[in-house]
Each structure stands twice: as C-alpha cells, then as structure tokens.
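What follows is a set of notes on a single structure, which appears directly below.
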Amino acid sequence: MTVTPLSAVVLDNRFARELPEMAIARPAEPAPDPRLLVLDEALAAELGLDAAWLRSPEGLGLLVGTTVPAGATPVAQAYSGHQFGGFSPRLGDGRALLLGELVDADGHVRDLHLKGSGRTPFARGGDGLAAVGPMLREYIVSNAMHALGIPTTRSLAVVATGRTVYRETALPGAVLARVAASHLRVGSFQYARVTGDADLLRRLADHAIARHHPQAAPADQPYLALLEAVIAAQASLIARWMLVGFVHGVMNTDNMTISGETIDYGPCAFLEAFDPATVYSSIDHGGRYAYGNQPVVAEWNLARLAEAMLPLLHDDEDEAVALASRALGGFRPQYQAAWSAGMRAKLGLPDGADQAVVAPLVDELLALLQAGHVDHTSFFRTLADAGRGDPGPVRRLFADPAAIDEWVARWRPLEPDADAMDRVNPLYIPRNHLVEEALSAATDGDLAPLEELLRAVTEPYEERPGLERYAAAAPPDFGAYRTFCGT
Ligand code: AMP
Ligand code: MG
C-alpha cells in the first residue's frame, strides 16, 4: 500500500491571494491528543486524499491544522452578518480556518476548512473551540443532506483533540474538517461593502463569478448576472429544504452561501409533526427562523446581498436599485416553481399534471397534516403504500383517518407512481432523538450508535431490515426538541 506524503497535498491560497483584505493568516492551536472519530472515505477519494494517510499521525495533523503542506496559508476569513436582523459589521471566523483550496477529481476547486481550530482575531469573547457533539451533529446532518441530493458543504472528518472544552459542563473538544465549493457568504459581500473599498467589492464579485457562476462572466452585466445566479441557487436550495422538512435554525446572512450550498449546521433539525411554526433553536425566541419562514428569510437575506452589490450594478444609484429589485422579484416565482415541482414529485404525479387540480389538493393536504400533527417524513413514505392500494400505514398516522381517506380518494385517480415516490421521499432522516442518542454516546466514547445512524441516513431511500427504529417518529416522551448553537 502506498501512502501519500504531506508534500503530495496541494493546497492553493487563492482566496488569501485574491482577497487579502478579507484573510488573516493564523495557525491552528495544537491538539494534545488527536483521535479520529469519523472520516468520509468516499469524500477523501473525491479530493484525491489517501484515507490510510489521513488516519496516520501526519494525516491527523492536517485534519486539525497543525501540519500543513509547505506553501499553504491557513486564514481566518472576514465577513459581516445580520444576526437575527441586527447587523454586525465584523464577524468573521472566530474559531475556523480556511486551510486552502484543492482541486478535486472532477477538476472543481473545493475549500478545505477547519472548525474548532482555535481562537482567531475574530473570536471576540469566544474560546475558538468546538465540542465533539456539535461537530458530529454537523457531520451527521451534512451527510444526510448530501445523500438526499441537497446542495451542502461536506464533512470530511471529525477529530477529537484531547482538549477539554468548557460549556455548561466540561466536554471533549473536536475539530471538523469541512469541504465546500467555497465559504463565500452573503456576509462576505456585506463586509466588502462596508469597507467602502469599491475595488475589493469588485474583486470579491469576480472571485465569486469565477468559482461559482462562470456563466455570468460573459453576460452584458456580469455582476447583475451573478446576483441573479445566487438568487436562483438559493430559491432552489430553500425549496429543497422545505420539501424535506429541514429547519436550518440560524439563517443569518453570514450563514447563507453564494454557491447555493447549505452551510453552518448549528441548531438545525428535521420536522417531525408538520407545522410551519416549528422552531428548534433555543435562542430563536421570536420564531424568526421557523420552518415556514425560511423562504421569506432567504428573500430578505438576498435583499441584503443586493444592497451590498449596488455599486457594482450601476453608477447611478436609482438605476442600481431598480436592477436589484427586478432581480429580487425573481426569487418568489423561482422558489414557487421549484417547490411545486418538488411537491408534485413527492405525490408521485408527473410534471405535466394539471396544476389547477394539484394545487388545491396540496393546500388541503398540508392543512390536514398540520391539523393532525402528522409526521412529515412518515406521511409521504406511507402515502406510496396507499398508492399501491394499501392505505393502512398512512391511515394509522391520523387520529381521525376519515379526512385522509377522502383526500386519498381524490389523489389516487391521478394515477400516482408509487415507486417514483419512494425515490424522492426518504425513509430515514436524522431524527432528533436519534441524533441526540448518537451524540451523547459519542461524547461518552461509544461511536456505535453514530455509525448505525450514519448507515441509515446516508442511504435514505433504501429500506433495509434492522433499521426500523430509524424510520420511526420520536417516542412521545422525547418532548419539545431544542438545539443550541455556538457551542
Ligand atoms: P455561528 O453561529 O456558528 O454561525 O457563529 C457566529 C459567529 O460566532 C462566527 O463569527 C463564529 O466564528 C463565532 N463563534 C461561534 N462560536 C465560537 C467560539 N466558540 N469561539 C469563537 N468564535 C465563535
Ligand atoms: Mg456561521
């Protein structure tokens, strides 16, 4: 077996080179006793990284940032952000480092980034560290999202550092190695804009076009085309979240990417009982980032992006505002089209199905699910059984099955394709009680529940014997679920 030496890992420093005003070089803090908890071997292969080498002391050094190839420049990235609506001009990576960019097997440039690698100049009062539980949460949920076909940053590995992190209690520390198309955020543009440096804003936009939306480069107005491309990518992404019942939990502008990938899994969770008012984050008192608000919040965040980009859109501010407004007007119809097409697929109906028939059926269905507190994931999966002629499983989800009987009686004549439904409606999602179970076992040193949960959620559509409990809703005593971010 040949094992890659560190010198074979080629890390570019393109972000730091092209946007030095937004990059502060910083080494990672030492990890006294690094121990690999999880490694995504398939992702390592995509990146051209040898999994056996990543498990070696030198490889672990890369995964915690203490050993970097010659020429690499780990940097903390600067960005601003609207957090729960309030603007912070200087947030940046308080506990993260961009190690650099690598070129994957398909020729795409990907960021290799660490979270929990120590304090940076952006750390403010924070300790710069992360605990095993929250880093494994990101590993689990990002893996599930990827398996569901939803654009997301990826998790290459979680390494326990051997350092103790102090939160409400003493916890084992960890570093997450994250891979992303880039870490450019709406907040990155806000940062460049508030510096007042027009050249920086332009270089940032050029960098974003080159990395994510190259089709914008030859457009008549490349920066307007960039804005439109981000709006389109986010409209599609948020529709995907809504269709699968994902609640991000902290959709601040610094947690929304330019690439259209989901980023920053903090107080996130998947819906169980369908209810637009569902909130999981313990700090979201007003419900700003409730499940049902996500499309409106995304549109609000994109308006902040458009504002930041105004000087790029036109020399005349009124003209720039008019162009930005027109671009933002594209969000709702694109979101609606993506969501409606996705919902038709969830119901097993063809693209050409008559919207005049389908739309009211969908509205009534969502009202039934909400009134009955019906488990979102179980519903769509068992509905396929009803499509095959066995309404038993779906009826059992309703205290009063009469209403769903009447609905199914109107849906079945549309000739839904039950097998196609099973290919788009997951059986296994990272249910909150199972995530908690896996994280608390892992924190105590037992990785078996984590591995079993990963086995279920990384093949979400494929029913497999022995995984029944991964398809079932939380037991009633699990109670109102809350997650905590910034930990
Ligand atoms: P997040 O809620 O994870 O998106 O983080 C919001 C901001 O707080 C970012 O600037 C993070 O880098 C920073 N941050 C979160 N946790 C810590 C920590 N433990 N130490 C330093 N900075 C942190
Ligand atoms: Mg963040």
Side-chain angles (χ1 to χ4, degrees), residues 1-15 36-56 58-65 67-69 71-72 74 96-115 117 135-159 174-184 208 210-214 233 236-237 240 257-265 426 430 450-451 453-462:
M1 185 178 63
T2 54
V3 165
T4 332
L6 181 66
S7 59
V9 179
V10 180
L11 278 176
D12 195 4
N13 56 5
R14 179 169 174 186
F15 179 86
L36 185 67
L37 300 180
V38 270
L39 172 67
D40 185 336
E41 296 204 0
L43 178 57
E46 265 178 51
L47 299 172
L49 298 172
D50 183 291
W53 176 76
L54 285 172
R55 293 174 187 281
S56 73
E58 198 179 50
L60 290 186
L62 179 70
L63 293 173
V64 296
T67 311
V68 294
L97 291 173
L98 173 65
L99 287 185
E101 303 93 8
L102 18 88
V103 179
D104 71 14
D106 294 329
H108 295 125
V109 176
R110 315 268 293 264
D111 277 6
L112 181 59
H113 172 105
L114 305 178
K115 189 163 165 179
S117 50
M135 296 306 98
L136 287 176
R137 178 195 304 284
E138 176 152 343
Y139 189 96
I140 296 167
V141 182
S142 61
N143 261 284
M145 294 288 269
H146 176 66
L148 291 163
I150 300 174
T152 178
T153 64
R154 306 284 299 282
S155 296
L156 176 61
V158 178
V159 179
V175 172
L176 168 78
R178 179 158 79 180
V179 173
S182 87
H183 284 78
L184 299 184
R211 287 194 67 174
H212 303 301
H213 303 293
S236 161
L237 177 69
R240 303 293 302 267
T257 58
I258 297 305
S259 65
E261 288 182 340
T262 311
I263 195 169
D264 270 4
Y265 295 90
L450 171 74
E451 284 160 7
L453 175 59
L454 285 169
R455 200 162 73 81
V457 301
T458 53
E459 273 185 74
Y461 304 107
E462 206 54 50

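Keep in mind it's a predicted model, so treat the numbers as computed, not measured.
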Distance-only check: which donor-acceptor pairs under 3.5 Å involve side-chain atoms of residues 174-181, not counting sequence neighbours?
residue: Arg178; atom: NE; partner: His183; partner atom: NE2; Å: 3.2
residue: Arg178; atom: NH1; partner: Glu138; partner atom: OE2; Å: 3.1
residue: Arg178; atom: NH1; partner: Asp264; partner atom: OD1; Å: 2.7
residue: Arg178; atom: NH2; partner: His113; partner atom: NE2; Å: 3.4
residue: Arg178; atom: NH2; partner: Asp264; partner atom: OD1; Å: 3.4

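To the nearest 0.5 Å, atoms CG (Asn143) and CZ (Arg154) are separated by 6.5 Å. Atom OG of Ser259 and atom CG of Leu184 lie 8.0 Å apart (nearest 0.5 Å). Annotation: the span from Leu98 atom CG to Ser117 atom OG amounts to 10.5 Å, rounded to 0.5 Å. In this structure, OG on Ser182 lies 7.5 Å from CD1 on Ile263, to the nearest 0.5 angstrom. Once rounded to the nearest 0.5 Å, the distance linking CG of Leu454 with OH of Tyr139 reads 6.0 Å.
Paired with Leu136 under the rule side-chain contact (heavy atoms from CB on, under 4.5 Å), one option of Leu453, Val141, Val158 passes, and it is Val158.
In this view, Thr262 and Trp241 satisfy the side chain to side chain donor-acceptor pair (under 3.5 Å) rule, not counting sequence neighbours. For the side-chain contact (heavy atoms from CB on, under 4.5 Å) test, residues two or more places apart in sequence or in another chain that qualify with Val68 are Ala72, Pro74, Leu99. In this view, Glu462 satisfies the side chain to side chain donor-acceptor pair (under 3.5 Å) rule with no residue, not counting sequence neighbours. In this view, Glu261 satisfies the salt bridge (charged side-chain N to carboxylate O under 4.0 Å, His left out) rule with no residue, not counting sequence neighbours. Residues forming a salt bridge (charged side-chain N to carboxylate O under 4.0 Å, His left out) with Glu459 (at least two apart in sequence, or on another chain): Arg464. Shown here are the side-chain contact (heavy atoms from CB on, under 4.5 Å) partners of Ala51, two or more places apart in sequence or in another chain: Leu39, Glu41. Partners of Asp12 according to the side-chain contact (heavy atoms from CB on, under 4.5 Å) rule, which considers only residues two or more places apart in sequence or in another chain, are Arg14, Arg17, Glu101.
Annotation: side chain of Leu47 is in contact with side chain of Arg110 (closest heavy-atom distance under 4.5 Å). In this structure, Leu102 and Val10 have side chains that are not in contact, with every pair of non-hydrogen atoms separated by 4.5 Å or more. Proximity of Leu49 to Val9: side-chain heavy atoms (C-beta onward) are separated by under 4.5 Å at one or more points. Here the side chains of His146 and Leu43 are not in contact, with every heavy-atom distance at 4.5 Å or above.
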request  = Applying side chain to side chain contact (heavy atoms under 4.5 Å, CB included), run through His212 and Thr257 and close with a yes or a no.
outcome  = CA-CA 11 Å; His212 303 301; Thr257 58; over 6 Å; no
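Residues Tyr265 and Thr152 have side chains that bring a donor and an acceptor to within less than 3.5 angstrom of each other.
In plain terms, the two heavy atoms of Ser142 and Thr153 that are nearest each other are CB-O, 3.6 Å.
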